[in-house]
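Report on one structure; see the data block that follows.
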Amino acid sequence: MLKQPELKGSTFTLSVLHLVDDNFAAAANVLTEKVTQAPAFFQGAPVVADISRLSQCPDIGALKQCLQATGMILVGLTGVTHNDTRELALDAQLAVLKSSKQSRVADPIQPPAKVVTAPVRSGQQIYAKNADLVILNHVSAGAEVIADGSIHIYGVLRGRAIAGASGQKQARIYCQNLQSELLSVAGSYWLSDKIPSEHIERPSMVSLNQESLHIDPLTL
């Protein structure tokens, strides 16, 4: 029997570059620094550019080249308010996305949580769609755990943890020993160098507070 390709909905985490002006060189410097800090996470990563703060359509070709120079790939624009800009984006084979604040309705979190008992090893990715993710073990450096809901780790978190992947701003990351390479809640993220030292190797709870990450000690 001939198998046919299937088109299905899915969820991916996309980084958004919020442009404040047409100074793409400055943007490239910021992105290059990010790639240097976590090359495995950002190299070849798809990026959406938010142009809502710009007074006019940016030079899309220059913007694509700017991101290509950092190793990232421009896949779309958001914050597009003029039809002319939309047409230019489509001509450049870029998607035009509405921001999550405008259009995204979070999927309800459906129990039960996805439970993983084995260690999550380097290079491994675990995703809990529309659910919490519970890891009853360690998450190694180079591993990635993702959940549309919250993430609970009862061991050491050394890899990347991405909670609220579909935009759930109330999602949390709980772990017994915080040594993460990257923390993200609803699209806001910190690399390891932004994690306050007082929380390193400590039981911690990561949440989103006014569009920025916040960490509280996890006391039992």
Side-chain angles (χ1 to χ4, degrees), residues 11-18 30 33-34 37-38 40-42 45 47-48 50 78 97-116 119-120 124-220:
T11 301
F12 298 94
T13 300
L14 293 176
S15 296
V16 179
L17 174 63
H18 297 272
V30 172
E33 182 179 353
K34 298 294 184 185
Q37 293 172 339
F41 182 77
F42 289 112
V47 174
V48 174
D50 182 350
T78 188
L97 300 91
K98 293 183 179 179
S99 71
S100 58
K101 291 181 179 179
Q102 293 173 330
S103 63
R104 193 158 201 166
V105 178
D107 294 331
I109 297 177
Q110 298 294 332
K114 183 171 185 174
V115 179
V116 176
V120 185
Q124 191 175 3
Q125 184 186 73
I126 304 292
Y127 173 42
K129 181 176 176 59
N130 294 336
D132 285 0
L133 176 61
V134 179
I135 307 289
L136 302 177
N137 217 305
H138 305 304
V139 178
S140 300
E144 188 171 74
V145 291
I146 306 171
D148 287 336
S150 296
I151 297 174
H152 308 253
I153 300 172
Y154 290 85
V156 180
L157 169 58
R158 295 191 176 92
R160 300 179 290 273
I162 301 169
S166 62
Q168 301 279 355
K169 293 187 176 181
Q170 70 273 31
R172 303 282 191 272
I173 299 171
Y174 307 88
C175 70
Q176 287 294 330
N177 188 317
L178 180 61
Q179 303 180 37
S180 182
E181 298 172 325
L182 180 141
L183 298 168
S184 175
V185 177
S188 295
Y189 66 85
W190 279 353
L191 297 174
S192 58
D193 61 338
K194 287 204 66 176
I195 299 174
S197 58
E198 64 266 29
H199 297 293
I200 299 297
E201 300 184 6
R202 300 281 186 176
S204 304
M205 179 183 72
V206 184
S207 60
L208 190 64
N209 183 8
Q210 297 182 347
E211 307 299 329
S212 180
L213 295 189
H214 176 77
I215 301 180
D216 290 305
L218 185 60
T219 56
L220 300 177

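Leu218 and Gln176 make their closest contact through CD2-NE2, 4.4 Å (heavy atoms, listed as atom of the first residue, atom of the second, distance). Between His214 and Asn209, the closest heavy-atom pair is CB-CB, 4.0 Å. For the residue pair Ala163 and Ser150, the shortest heavy atom distance occurs at CB-CA, 4.5 Å. Annotation for Gly164 and Ala171: closest pair N-CB, 3.5 Å, computed over non-hydrogen atoms.
Tested against Asp148 for a side-chain contact (heavy atoms from CB on, under 4.5 Å), the candidates Ile162, Asp132, Asn130, Leu133 yield a single pass: Asn130. The side-chain contact (heavy atoms from CB on, under 4.5 Å) test with Trp190 is passed by exactly one of Pro196, Ser184, Ser180: Pro196.
A distance of 10.5 Å separates CG in Asn177 from CD1 in Ile153, rounded to the nearest 0.5 Å. Rounded to the nearest 0.5 Å, atoms OG1 (Thr78) and NE2 (His18) are 9.0 Å apart. To the nearest 0.5 Å, atoms NZ (Lys129) and NZ (Lys114) are separated by 11.5 Å. Between atom CG of residue Leu157 and atom CG of residue Leu182 there is a gap of 9.5 Å, rounded to the nearest 0.5 Å. Separation of atoms NE2 (His152) and CG (Leu136) is listed at 11.0 Å; rounding is to 0.5 Å. Atom CD1 of residue Ile126 and atom CD of residue Glu144 lie 10.5 Å apart, to the nearest 0.5 angstrom.
Remark: side-chain polar atoms of His138 are not paired, donor with acceptor, to backbone N or O of Gly155 under 3.5 angstrom. Although no hydrogens or angles enter the test, the distance criterion places no donor-acceptor pair under 3.5 Å between the side chain of Ser188 and the main chain of Leu213.
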side-chain contact (heavy atoms from CB on, under 4.5 Å) between Leu183 and Ile215, intermediate numbers included:
CA-CA 10 Å; Leu183 298 168; Ile215 301 180; 4.3 Å; yes
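Every pair passing salt bridge (charged side-chain N to carboxylate O under 4.0 Å, His left out) that includes a residue from residues 170-181 is listed here, sequence neighbours excluded: Arg160-Glu181.
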